[in-house]
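Some notes on the structure that comes next.
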Amino acid sequence: MESEFKANYYAIIPSYVRYNHNLKFAERLMYGEITALSNKEGFCFASNRYFAELYGVSLSTISRWISHLSEFGYIDIELIRNEKKEIVERRLYVMDTPYTQNNQYPYMQNSQYPIRKKRKDNNININRIDRLFYYFINKGQKFPDELLEYKNDIIDVLEKYEMIYSKEMLEVLTNENIEKIKLISYCLAMLVKENLKNLLHKVNRSKLINLYDECKIREKENISTDNEILNFQNYYYKSLKNKLLEGQNPYFCGTKNDEIENEGEEI
């Protein structure tokens with residue numbers, strides 16, 4: 001086992017993970033391990049092999065557990081690639097956990113890493129959303145690097161859902177509606193990137209907007225509760241993705257999480 005990864009910190013498993021009966025008990029336990037391993041750097045970089053040896057299961061089982069946690073929006077997965085597009089590192093970010101807001105646990109008091117790293121990660125996500133949106137507003141702006149490979153398909157999808165606006169059109173919109181358009185547009189782009197474009201026939205423009213409004217209502221209803229939504233962008237994206245995957249085998253379409261199992265088991 002990769003002993004250097006062994007965590008000497010508390011593990012945190014919030015109630016919405018502990019009592020989620022759609023998760024295996026081992027998946028809930030592994031979520032806690034991920035929170036402990038995320039303490040120092042703000043993310044967990046332990047490999048599937050580490051978890052497989054820790055829990056005495058196969059690499060493919062670990063990959064499924066990680067995918068399942070990601071589908072519920074409890075963790076976010078980032079794959080770091082080199083110039084040859086080869087995966088050199090995988091990072092697991094814990095999403096929407098109480099300790100990132102309250103900073104109330106003993107091992108957090110003397111640590112500068114988790115909260116700062118997490119906030120930085122959220123800011124990066126927001127900046128990516130802005131870059132895509134303003135690409136169409138400011139024609140001289142560069143298309144986001146992380147989406148460049150899928151540019152033509154993304155533009156086709158955004159045109160289909162009437163999500164490309166001009167400066168003149170924006171002048172008559174409220175800031176609230178502009179933020180709504182920006183997030184929906186970026187989520188559509190991410191669905192293209194994750195090879196889910198073929199499921200978009202399940203939703204029309206009105207459904208995308210209605211889902212956004214429903215998520216906003218839930219966000220307000222759950223303020224200061226155990227189910228508080230700390231990252232609305234992630235929450236809306238996961239809600240939309242889960243709606244598209246209803247009735248589907250989540251591994252059928254070659255998403256980013258499948259890529260972890262096929263390419264990243266040794267990372």
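Fair warning: this is a prediction, and the values are worked out from it, not measured in the lab. For reference, positions follow the sequence shown, starting with 1.
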Taking side chain as C-beta onward, heavy atoms only, is Ile137 less than 4.5 Å from Tyr134? yes
Lys202 side-chain N/O to Leu244 backbone N/O, donor-acceptor pair under 3.5 Å: yes
Worked check of side-chain contact (heavy atoms from CB on, under 4.5 Å) between Thr35 and Ile13: CA-CA 8 Å; Thr35 68; Ile13 309 178; 5.9 Å; no
What do you reckon, is CD of Glu149 surrounded by more than 12 foreign heavy atoms closer than 6.0 Å? no
Residue pair Lys197 / Leu191, side-chain heavy-atom distance below 4.5 Å: no
Val94 versus Ser38, closest heavy-atom pair with distance: CG2-OG, 3.9 Å
From Gln233 atom CD to Glu179 atom CD, the distance as rounded to the nearest 0.5 Å: 8.5 Å
What is the distance from atom NZ of Lys238 to atom CD1 of Ile229, rounded to the nearest 0.5 Å? 14.5 Å
Arg28 charged N/C atom sitting above Phe25 aromatic ring, 6.0 Å / 45°: yes
Testing the basics here: between Val203 and Lys207, what is the closest heavy-atom pair and its distance to 0.1 Å? CA-CD, 4.1 Å
Can you see which heavy atom on Ser185 is nearest to which on Leu158, and at what distance? O-CD2, 3.6 Å
Is there a path of hydrophobic side-chain contacts, each under 4.5 Å between heavy atoms of I/L/V/M/F/W/Y residues, joining Tyr186 to Leu170? yes
Where Ala11 and Glu33 come nearest, the two heavy atoms and their spacing: CB-N, 4.4 Å
Val192 side chain reached by Leu147 side chain, heavy atoms, under 4.5 Å: no
With heavy-atom distances below 4.5 Å as the criterion, would you say the side chains of Tyr212 and Phe232 are in contact? yes
Tell me, with the steps shown, if Arg218 and Glu221 meet salt bridge (Lys or Arg N to Asp or Glu O under 4.0 Å). CA-CA 5 Å; Arg218 293 189 205 116; Glu221 290 176 344; over 6 Å; no
Between Tyr236 and Leu240, is any pair of side-chain heavy atoms under 4.5 Å apart? yes
Quick one: sort the Phe51 and Tyr55 rings into parallel, tilted or perpendicular, breaks at 30° and 60°. parallel
Pair Ile87-Ile80, side-chain contact (heavy atoms from CB on, under 4.5 Å): steps then yes or no: CA-CA 6 Å; Ile87 300 173; Ile80 309 299; over 6 Å; no
Distance-only, no hydrogens or angles: does the Ser67 side chain make a donor-acceptor pair with backbone N or O of Ser63 under 3.5 Å? yes
Would a single hydrophobic cluster contain both Ile129 and Leu148, if residues Ile, Leu, Val, Met, Phe, Trp and Tyr are joined by side-chain heavy-atom contacts under 4.5 Å? yes
For Thr61 and Arg64, does a side-chain donor sit closer than 3.5 Å to a side-chain acceptor? yes
Are the side chains of Arg90 and Asn48 in contact, using a 4.5 Å heavy-atom criterion? yes
Between the main-chain N or O of Asn204 and the side-chain N or O of Lys160, is there a donor-acceptor pair closer than 3.5 Å? no
Can a donor-acceptor pair be found between the side chains of Glu27 and Tyr74 at a distance below 3.5 Å? no
Quick check: does any side chain N or O of Ser239 sit under 3.5 Å from a backbone N or O of Tyr235, one acting as donor and the other as acceptor? yes
What's the separation between atom CG in Leu69 and atom CD1 in Ile75, rounded to the nearest 0.5 Å? 5.0 Å
If you round to the nearest 0.5 Å, how far is CD1 of Ile164 from CZ of Phe133? 10.5 Å
Does Pro144 reach the side chain of Lys151, with side-chain heavy atoms less than 4.5 Å apart? no
CG of Leu200 to CG of Asn198: how many Å apart, nearest 0.5 Å? 8.0 Å
What I want to find out is whether Glu146 reaches Arg131 closely enough, with some N-O distance under 4.0 Å, to be called a salt bridge. yes
Starting at CG of Leu183, measure out to CG of Asn234 and round the result to the nearest 0.5 Å. 10.0 Å
Once ring-ring contact (aromatic ring centres under 6.0 Å, His included) is applied, what residue pairs with a partner in residues 141-166 remain, sequence neighbours excluded? Tyr135-Phe143
Can you confirm whether Leu188 sits close enough to Leu208 that some side-chain heavy atom of one is under 4.5 Å from a side-chain heavy atom of the other? yes
For the pair Lys180 and Ile184, evaluate side-chain contact (heavy atoms from CB on, under 4.5 Å) and give the outcome as yes or no after the intermediate values. CA-CA 6 Å; Lys180 183 184 302 186; Ile184 293 174; 3.8 Å; yes
State which residue, out of Leu132, Ile181, Val157, fulfils the side-chain contact (heavy atoms from CB on, under 4.5 Å) condition with Met163. Ile181
